[in-house]
Trainee: 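My structure is below; once you've seen it, I'll send some questions.
These numbers come from the heavy atoms of this one structure, side chains and all, not from hydrogens, waters or symmetry mates. Numbering starts at 1 and runs along the sequence shown.
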Amino acid sequence: MTDASTRAFSSRGDAPLALPKRPFSFGRWFAATGWRHIVGVVMVVFSLFPIVFVVSSSLNPNGTLTGSNALFSKIGLDSYVRILSDPQVPFSTWFANTMIIAGTTAVCTVFLGALAAYSFSRMRFTGRRFGLISIVVVQMFPQLLAVVAIFLLMSTIGDLFPAIGLNTHLGLIMVYLGGALGVNTYLMYGFFNTVPASIDEAAKIDGAGHARIFFTIILRLVAPILAVVALLSFIASVNEFVVASVLLIDTDKQTLAVGLTKLVSNPRYADWSAFSAGAVMSALPVVALFLFLQKYIVGGLTAGAVK
């Protein structure tokens with residue numbers, strides 16, 4: 001069968017004739033889709049420029065930013081060797097501390113947030129609405145306002161339980177969990193509401209309780225939002241500086257964000273090249289995790305924002 005929209009017939013009705021091809025018009029193409037390509041290219045260049053500049057600085061053996069203005073004018077691995085071999089810069093220790101803290105925080109945030117989101121979504125109890133509103137209101141205040149209170153609180157807790165007080169990784173993880181559970185719970189709550197309640201009712205008819213429904217059914221259906229929350233929590237923990245610099249005192253207990261800052265804190269000599277090298281290496285786990293979870297990211301963010 002011939003498509004009438006693309007073929008025409010001769011007056012004798014025996015042979016189809018192709019319609020003349022519409023001439024290309026740059027103005028028409030630009031108005032339809034061309035401007036989108038230009039916007040996309042500008043955004044890509046704008047996003048990649050800081051990364052390219054940092055990579056160029058990390059490969060510059062001079063160690064200063066003024067010598068890195070010309071991108072990739074000098075290329076060498078001196079900065080990477082220096083930051084990995086300098087005994088006064090325990091980069092491997094900082095890296096391990098960061099991965100442990102960020103990984104533990106991400107896993108605990110997902111688990112505790114999923115429990116809270118399931119409770120708010122599926123159960124009806126006194127104070128439910130007030131709890132949801134409180135979660136949103138608390139997030140209005142920046143974490144910086146609570147730094148002094150956090151320090152005093154952790155100092156007092158450390159006197160009673162030294163394992164979770166100041167200068168401990170467990171104490172920092174607990175602070176991170178307290179700050180991240182609110183917004184992540186609300187994000188997961190929106191996603192949990194998209195799962196039909198009829199699934200829970202069918203499982204209850206078969207004799208399943210809330211625990212079995214949650215662990216065997218719901219968690220599998222909400223995997224996209226769990227991946228998104230884990231990624232966001234991991235990135236936030238890796239990049240966090242203020243609270244970590246206040247709670248972690250010893251050099252061998254600090255994270256990458258705190259430790260690398262010491263390389264550029266000296267006003268007389270700031271080793272920006274080594275700092276850039278450390279920043280590039282610290283970004284690799286985040287990029288790897290992002291690539292591993294990228295198939296869940298778009299679906300999880302869009303579905304979690306719509307009830």
Side-chain angles (χ1 to χ4, degrees), residues 47-109 163 166-173 175-176 180 230-294:
S47 302
L48 289 180
F49 178 76
I51 301 175
V52 173
F53 191 87
V54 170
V55 173
S56 175
S57 177
S58 68
L59 296 176
N60 193 321
N62 292 335
T64 61
L65 287 180
T66 56
S68 303
N69 291 332
L71 297 179
F72 301 103
S73 58
K74 296 181 180 179
I75 298 178
L77 299 178
D78 300 10
S79 301
Y80 292 89
V81 174
R82 186 164 64 251
I83 195 173
L84 292 175
S85 60
D86 189 351
Q88 297 181 353
V89 183
F91 179 82
S92 58
T93 302
W94 295 341
F95 187 88
N97 294 340
T98 302
M99 294 301 104
I100 293 173
I101 293 173
T104 305
T105 302
V107 172
C108 293
T109 298
L166 286 177
N167 202 32
T168 62
H169 292 165
L170 186 57
L172 182 61
I173 291 172
V175 173
Y176 284 166
L231 178 63
L232 295 179
S233 178
F234 186 85
I235 294 175
S237 301
V238 171
N239 295 333
E240 204 282 323
F241 170 78
V242 176
V243 177
S245 63
V246 172
L247 297 185
L248 300 179
I249 302 172
D250 295 342
T251 302
D252 59 342
K253 292 183 177 296
Q254 292 175 342
T255 60
L256 281 171
V258 180
L260 291 178
T261 306
K262 295 181 178 180
L263 300 178
V264 294
S265 60
N266 188 349
R268 296 184 179 180
Y269 175 71
D271 195 351
W272 287 102
S273 183
F275 176 87
S276 301
V280 171
M281 289 187 288
S282 64
L284 295 180
V286 177
V287 174
L289 183 62
F290 183 87
L291 295 176
F292 178 74
L293 300 176
Q294 64 177 341

Trainee: A side-chain contact here means heavy atoms from C-beta on lying under 4.5 Å apart; do Thr105 and Phe234 qualify?
Mentor: no

Trainee: How would you list, by chain and number, every residue that makes a side-chain hydrogen bond (donor to acceptor under 3.5 Å, both in side chains) with Ser245, sequence neighbours excluded?
Mentor: none

Trainee: Using a 4.5 Å cut-off on heavy atoms from C-beta on, say whether the side chain of Leu172 contacts that of Ile101.
Mentor: yes

Trainee: Taking the side chain as C-beta and beyond, is there a heavy-atom pair between Leu256 and Met281 under 4.5 Å?
Mentor: no

Trainee: So do the side chains of Val89 and Leu260 get within less than 4.5 Å of each other, counting heavy atoms only?
Mentor: no

Trainee: Working to the nearest 0.5 Å, report the span between OG of Ser273 and CG of Leu59.
Mentor: 8.0 Å

Trainee: Say you draw a straight line from CG of Asn60 to OG of Ser56; how long is it, rounded to the nearest 0.5 Å?
Mentor: 6.5 Å

Trainee: Once the angle between the rings of Phe275 and Trp272 is folded into 0 to 90°, is it parallel (under 30°), tilted (30 to 60°) or perpendicular (over 60°)?
Mentor: perpendicular

Trainee: Do Gln254 and Pro90 have side chains that approach each other closer than 4.5 Å (heavy atoms only, starting at C-beta)?
Mentor: no

Trainee: Does a side-chain heavy-atom distance below 4.5 Å link Glu240 with Thr255?
Mentor: no

Trainee: Establish, yes or no, whether a centroid distance under 6.0 Å links the rings of Trp94 and Phe91.
Mentor: no

Trainee: Looking only at the side chains, is there a donor atom on one of Ser276 and Ser57 sitting less than 3.5 Å from an acceptor on the other?
Mentor: yes

